[in-house]
There are 2 protein chains.
Amino acid sequence: MPHEVERRTLTRYLEEHSLKQTKQRDAILDIFLGATGHVTSEEIFNRVRKKHPNIGYTTVYRTMKLLCDAGLASERHFDDAITRYEIAHEHHDHLVCLRCGKIVEFECAMIESTQNEIAARYGFRVLRHRHELYGHCGNCRDEVDLGGRTPS
Amino acid sequence: MPHEVERRTLTRYLEEHSLKQTKQRDAILDIFLGATGHVTSEEIFNRVRKKHPNIGYTTVYRTMKLLCDAGLASERHFDDAITRYEIAHEHHDHLVCLRCGKIVEFECAMIESTQNEIAARYGFRVLRHRHELYGHCGNCRDEVDLGGRTPS
DNA sequence: AATGAAAATGAACGTGATTTTCAATTTCAT
DNA sequence: ATGAAATTGAAAATCACGTTCATTTTCATT
């Protein structure tokens, strides 16, 4: 059975909160974990529908929220109005290609420590952060450069 | 007359684009410049209404977009689904208090240069970035600590 | 000052993502 | 097996924002 650990995490969370285990929740967790990267509710809905044609959009939204509460998923908002979900793991930051939509994750300990230093300077305690670099990835950069007007 | 420079910038932009100067646009610019920090369309709408009770929400949205185009304002999206506007000025990043909503701006050259270095490593060209630290400001931190359960 | 074409306004309606409502169904401790 | 509590899903509501379009304003030109 796939995603043993996460499924157990969910079960534990459900038990602790007097919530119930349902096939919909299991299915959504499975699809979510099987998807790579940063999925939208719509993507999850479409994929889950293949196995469970009667599942509702509502349930997807509710379950994704649940997975966030259970610490299995986390919400991300990039520059559009759409909520994306990623598998919860350690702090990391993102490179987002504005042309093709590619998203790359990176980590940088140096930036992390500098952040805390700056926050302290203003009396803040940092709980979480968001750090996103928007631009063009290698491919798109080349295409943009070629497509652009070449200098006379 | 307040906000001389900005008003002139707007006038120049309107002329250059064959757009018209209207009392609504003037009023919205004025309110926007008079407000501190990071305002929402709603806040601007409410304040402008006091002087111009018939102004519509639509006009506020349109005008804020116009001010962005004219380089006087810039859009910001923090963690919620609401668009905020700030007076346009050089790149800077934000500290956001999750409890009282206070927003502090900061700049850090070191982080900026590190960003480019990282991007280059992944073949990206950075066009813009977003860097936000979420946590508790000095006041809220104290209140949270006092209100919380003290260790036995 | 009057004209009129182009632009702006605002009320109502549309949209897209997400949430709420609620009657019907499912889970699970007993 | 039972039933109280939780869950589901379809439809309607919401929320922020965009579009439409008939009416009003602006402003260069008379």
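Heavy-atom basis, side chains included; hydrogens, waters and symmetry copies ignored. Labels below follow one simple rule: chain letters A, B, ... track the order of the sequence lines, proteins then strands, and each chain is numbered from 1.
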Do you know which of B:Lys50, B:Arg7, B:Lys51, B:Arg47 makes salt bridge (Lys or Arg N to Asp or Glu O under 4.0 Å) with B:Asp30?
B:Arg7
Whole Å only: how far is the CD atom of A:Glu42 from the C1' atom of C:dT15?
14 Å
Among pairs that include at least one residue of residues 97-108 of chain B, which meet side-chain hydrogen bond (donor to acceptor under 3.5 Å, both in side chains), considering only residues two or more places apart or in two chains?
B:His38-B:Glu105, B:His89-B:Glu105, B:His92-B:Glu105, B:Arg99-B:Glu143
Rounded to whole Å, please give me the gap between NE2 in A:His77 and P in C:dA17.
14 Å
Rounded to the nearest Å, what distance is computed from the CZ atom of residue A:Phe78 to the P atom of nucleotide C:dA17?
17 Å
B:Leu67 backbone acceptor or donor facing B:Arg25 side chain under 3.5 Å
no
Quick check: are there more than 12 heavy atoms from other residues, nucleotides or ligands sitting under 6.0 Å from CD of B:Glu42?
no
Which residues in residues 17-26 of chain B have a heavy atom closer than 4.0 Å to any atom of DNA chain D?
B:Lys20, B:Gln21, B:Lys23
Neighbour count >12 (heavy atoms, 6.0 Å) for atom CG, B:Asn139:
no
Within the 3.5 Å criterion, strictly below it, is a donor on B:Asp93 or B:His129 matched to an acceptor on the partner's side chain?
yes
Counting distance only, does the side-chain N/O of B:Arg49 pair as donor-acceptor with the main-chain N or O of B:Ile55 below 3.5 Å?
yes
Between D:dG18 (C1') and B:Leu66 (CG): distance, integer Å
16 Å
Whole-Å distance separating the CD atom of A:Glu15 from the C1' atom of D:dA6
15 Å
Distance check needed: C:dA17 P versus B:Ile82 CD1, whole Å only.
18 Å
B:Thr63 side chain to B:Val60 backbone, donor-acceptor under 3.5 Å:
no
To the nearest angstrom, the CG-C1' distance between B:Leu14 and C:dA8 comes to 11 Å
Is it true that a side-chain atom of A:His52 and a backbone atom of A:Val48 form a donor plus acceptor pair closer than 3.5 Å?
no
For DNA chain D, find the residues of residues 47-65 of chain B with a heavy-atom distance under 4.0 Å and give them by number; none if there aren't any.
B:Thr58, B:Tyr61, B:Arg62, B:Lys65
note: B:Leu10, atom CG; C:dA8, atom P; distance rounded to Å ~ 11 Å
